[in-house]
Novice: 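I am attaching a structure below and will ask some questions about it afterwards.
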Amino acid sequence: MRLSDTKHGRESSASRFGGFFLLQYGVLCLVLSACSTGVVVPPYEAPPPKYAIPPAADGAFSEIEDYYRTEHGTDMSGFKLLDCNEGALRWRLALLDSARYSIDFQYYLWYGDTTGQLVAARLLDAADRGVKIRVLVDDLNTLLRDAASVALRDKAVAWLDLHPNVELRLFNPWTNREWGGRIQEGLGDFNKANQRMHNKALIVDNRAVIIGGRNIGDEYMGMNSSFNFHDLDVLGVGPVARQTSAVFDAYWNSPWVMPASVLNMRIAPEEQGRARTELSRHLSETKALTNFTIEPQFWGSAIAELRDQMHPGTSRVIADLPGEDSIEHVMLEEILSLISSPQRELSIINAYIIPTERGIATLQQLNAEGREVRILTNSLASHDVPAVNSHYRPWRKHIVDSGAELYELRSDAAIQAEFVDTYPTEGQFVGLHSKALVVDREISYIGSMNLDPRSAVLNTEMGVIIKSQNLGKALSDLIERDMLAENSWKVSRNQDGKLQWTHDSESTRIQPARNFWQRIQEFFFRAFPKEYY
């Protein structure tokens with residue numbers, strides 16, 4: 001068994017397609033499985049509740065928290081934007097390598113590609129040191145291998161859970177574990193199967209946390225040779241970690257999760273040892289990791305410098321919450337409240353936007369009140385999911401006519417070399433995956449929620465609202481940089497009233513695309529309900 005059985009994929013087939021994925025593969029899987037139900041999880045008792053370990057007096061991040069509490073107040077945390085993909089991966093490794101007591105790890109996608117294997121290796125290294133690790137992933141993950149195929153990955157899950165200091169649980173688990181059986185189950189209860197956990201959070205020692213849009217996979221960390229995402233996280237130290245732990249605990253102890261131990265998969269000790277050796281060997285031979293060390297590092301100098309790189313601010317972590325039989329979706333109203341609140345200006349960067357009449361009315365009202373609104377999203381050219389563009393397309397003119405400035409990321413954005421690709425990898429194009437906004441350059445939101453129906457009513461989502469003038473200015477500057485002509489198309493109306501796309505060297509009346517096949521897909525997916533995307 002190899003951890004790389006969890007071969008890489010893309011969010012397009014998982015988070016973005018969600019329920020559509022089940023339809024796409026349903027007939028094929030049912031035919032191939034001859035309608036077999038396969039291995040079925042036996043009835044089991046829910047484990048007793050378990051909660052985050054309180055922060056100890058010491059630890060790698062205790063001095064930073066003490067500083068912000070003393071200098072700025074007890075409710076203050078320090079925050080640092082993680083804009084660069086390489087830096088986002090390095091800081092995740094720094095947190096994992098520096099953990100002394102606990103790691104809580106909650107992600108929608110955790111692929112078995114180079115990034116996923118490196119993170120797995122560092123998690124296991126931390127577990128070897130005695131760190132208590134809780135891992136919570138969405139169970140749709142265990143059905144996906146990459147963007148175009150399915151494969152069972154239960155054995156890799158069981159292998160990780162086998163470590164005495166690692167406990168892994170699956171959100172919204174399949175009862176039928178064979179792949180054909182999972183499809184049958186999904187088609188039998190489509191609404192439940194379509195409810196996925198899109199949260200992203202890494203918490204260390206209940207003092208440091210990374211929250212944002214990145215999943216664990218090569219395209220989120222600049223290591224995919226096909227394409228890489230421009231994405232955004234925030235690193236926080238202080239009370240924000242405990243706020244995130246409260247969300248993690250709510251999911252960990254909910255009836256929506258199943259312990260991986262229930263899978264009861266037998267893995268011989270020698271097989272476990274071989275898998276660990278093979279993992280180290282594979283990582284050491286991977287060219288994409290030229291600038292990374294495979295073994296854990298001492299991050300003392302970087303953490304000592306971190307304090308002065310952070311911005312003080314108060315925070316509130318928000319999330320959809322799992323109930324007994326349903327999910328309480330609160331994120332949409334939280335985000336709409338922020339969007340409605342500016343006194344001067346609002347800047348939005350969001351990968352997948354499918355508005356509503358209510359959303360357009362809000363933009364119109366802001367314009368009528370003299371508020372400046374700027375929005376950056378994907379162009380068809382930068383899209384990894386043309387299906388989303390199918391349902392965003394009719395709303396372009398409404399956004400422009402509302403008075404908001406609309407920008408769409410270029411697939412050849414100038415930021416690619418410095419912020420998107422991680423040396424020596426060079427992706428063929430850039431896609432946008434960030435989900436953030438800033439109100440009046442003071443109140444920032446960074447998280448997992450897209451502005452579309454799937455995020456509003458199907459996925460569970462989370463994020464953090466931060467009140468900080470310094471961070472707000474930094475986020476505004478970042479969004480303005482991404483809107484520059486070398487990075488984005490500006491969408492507006494020309495003298496004839498038609499939509500046009502312009503940047504520093506080109507203007508076109510046809511939406512930019514990388515190729516004709518994208519245009520065909522975009523046309524085809526208009527026929528499917530927008531809620532699938």
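Along the sequence shown, the residues carry numbers beginning at 1. Because only heavy atoms are used, hydrogens play no part in the values below, and waters and symmetry mates are left out as well, while side chains stay in.
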Novice: Hey, could you give me the OG/CD1 distance between Ser455 and Ile353, rounded to the nearest 0.5 Å?
Specialist: 11.0 Å
Novice: Do you know the tightest heavy-atom contact between Phe61 and Ser98?
Specialist: CE1-CB, 4.2 Å
Novice: Does the Arg92 side chain pair with the main chain of Ala88, one donor and one acceptor, at a distance under 3.5 Å?
Specialist: yes
Novice: Between Glu408 and Tyr392, is there a side-chain heavy-atom distance shorter than 4.5 Å?
Specialist: yes
Novice: Any ion pair linking Arg374 and Glu480 (charged N to carboxylate O, less than 4.0 Å)?
Specialist: yes
Novice: Could you tell me which residues satisfy side-chain hydrogen bond (donor to acceptor under 3.5 Å, both in side chains) with Gln106, sequence neighbours excluded, listed by chain and number?
Specialist: none
Novice: With a cut-off of 6.0 Å (strictly less than), are more than 12 heavy atoms of other residues, nucleotides or ligands near CD of Glu486?
Specialist: yes
Novice: Taking Arg514 first and then Glu522, would you say they form a salt bridge - that is, a charged N and a carboxylate O separated by under 4.0 Å?
Specialist: no
Novice: Any donor and acceptor pair, going by atom type alone, linking the side chain of Asn487 with main-chain N or O of Ala414 inside 3.5 Å?
Specialist: yes
Novice: Check the pair Arg214 / Glu86 against salt bridge (Lys or Arg N to Asp or Glu O under 4.0 Å), numbers first and verdict last.
Specialist: CA-CA 12 Å; Arg214 289 183 177 92; Glu86 180 175 351; over 6 Å; no
Novice: To the nearest 0.5 Å, what is the distance between CG on Leu376 and CG on Leu432?
Specialist: 5.5 Å
Novice: Decide whether Ser488 and Asp482 meet the rule of one side-chain donor and one side-chain acceptor closer than 3.5 Å.
Specialist: no
Novice: Does a donor on one side chain and an acceptor on the other come within less than 3.5 Å for Asn389 and Gln518?
Specialist: no
Novice: Measure the spacing between OH of Tyr67 and CG of Asp308 and express it to the nearest 0.5 Å.
Specialist: 6.5 Å
Novice: I need the single residue from Asp249, Ile203, Ile103, Ile53 that forms a side chain to side chain contact (heavy atoms under 4.5 Å, CB included) with Arg134. Which is it?
Specialist: Asp249
Novice: Can you tell me how far apart CG (Leu95) and CG (Leu235) are? Round to the nearest 0.5 Å.
Specialist: 6.0 Å
Novice: If every non-hydrogen atom of Asn206 is compared with every non-hydrogen atom of Ala52, which pair is closest and at what distance?
Specialist: ND2-CB, 3.6 Å
Novice: Do Asn215 and Tyr220 have a side chain donor and acceptor closer than 3.5 Å?
Specialist: yes
Novice: When you compare the side chains of Asp384 and Tyr352, does any donor N or O come within less than 3.5 Å of an acceptor on the partner?
Specialist: yes
Novice: Ser448 side chain to Met462 main-chain N or O, any donor-acceptor pair under 3.5 Å?
Specialist: yes
Novice: Does Phe528 offer a backbone N or O that forms a donor-acceptor pair with the side chain of His391 under 3.5 Å?
Specialist: yes
Novice: Considering all heavy atoms of both residues, which atom of Ala456 and which atom of Leu332 are nearest to each other, and what is their separation?
Specialist: CB-CD2, 4.0 Å
Novice: How would you list all residue pairs meeting salt bridge (Lys or Arg N to Asp or Glu O under 4.0 Å) that involve residues 62-74, not counting sequence neighbours?
Specialist: Glu65-Arg69, Glu65-Arg207, Glu65-Arg242, Asp66-Arg69
Novice: Can you see whether Phe419 has Arg481 sitting over its ring - NZ or CZ less than 6.0 Å from the centre and within 45° of the normal?
Specialist: yes
Novice: Report yes or no: does Arg410 contribute a side-chain atom to a donor-acceptor pair with the main-chain N or O of Ala485 at less than 3.5 Å?
Specialist: yes
Novice: What are the two closest non-hydrogen atoms of Asp218 and Asp113, and how far apart are they?
Specialist: N-OD2, 2.7 Å
Novice: Working to the nearest 0.5 Å, report the span between CG of Leu232 and NE2 of His433.
Specialist: 11.5 Å
Novice: Do you see a donor-acceptor pair shorter than 3.5 Å between the side chains of Asn85 and Thr422?
Specialist: no
Novice: Check this for me: does any side-chain nitrogen of one of Asp233 and Lys200 sit under 4.0 Å from a carboxylate oxygen of the other?
Specialist: no
Novice: Backbone N or O of Val240 within a donor-acceptor pair of the Thr244 side chain at under 3.5 Å?
Specialist: yes
Novice: Once salt bridge (Lys or Arg N to Asp or Glu O under 4.0 Å) is applied, what residue pairs with a partner in residues 456-474 remain, sequence neighbours excluded?
Specialist: Lys473-Asp477
Novice: Does a side-chain heavy-atom distance below 4.5 Å link Arg526 with Arg393?
Specialist: yes
Novice: Does any donor atom in the side chain of Thr377 or Asn350 lie under 3.5 Å from an acceptor atom in the other side chain?
Specialist: no
Novice: Looking at Lys192, is its backbone amide N or carbonyl O close enough to the side chain of Asn172 to form a donor-acceptor pair, meaning the two atoms are under 3.5 Å apart?
Specialist: yes
Novice: Hey, could you give me the CG/CG distance between Asn228 and Asp421, rounded to the nearest 0.5 Å?
Specialist: 5.0 Å
Novice: Can any side-chain N or O of Arg196 pair as donor or acceptor with the backbone N or O of Ala193 at less than 3.5 Å?
Specialist: yes
Novice: Would the distance check show the side chain of Asp205 and the main-chain N or O of Ser102 forming a donor-acceptor pair, the cut-off being under 3.5 Å?
Specialist: yes
Novice: What heavy-atom pair brings Tyr251 and Val257 nearest, and what distance separates the two atoms?
Specialist: O-CG1, 3.2 Å
Novice: Between the main-chain N or O of Ser340 and the side-chain N or O of Gln365, is there a donor-acceptor pair closer than 3.5 Å?
Specialist: no
Novice: Angle between ring planes, Phe248 versus Trp252, binned at 30° and 60°: parallel, tilted or perpendicular?
Specialist: parallel
Novice: At their closest point, which heavy atom of His198 faces which heavy atom of Tyr108, and how far apart are they?
Specialist: CA-CB, 3.8 Å
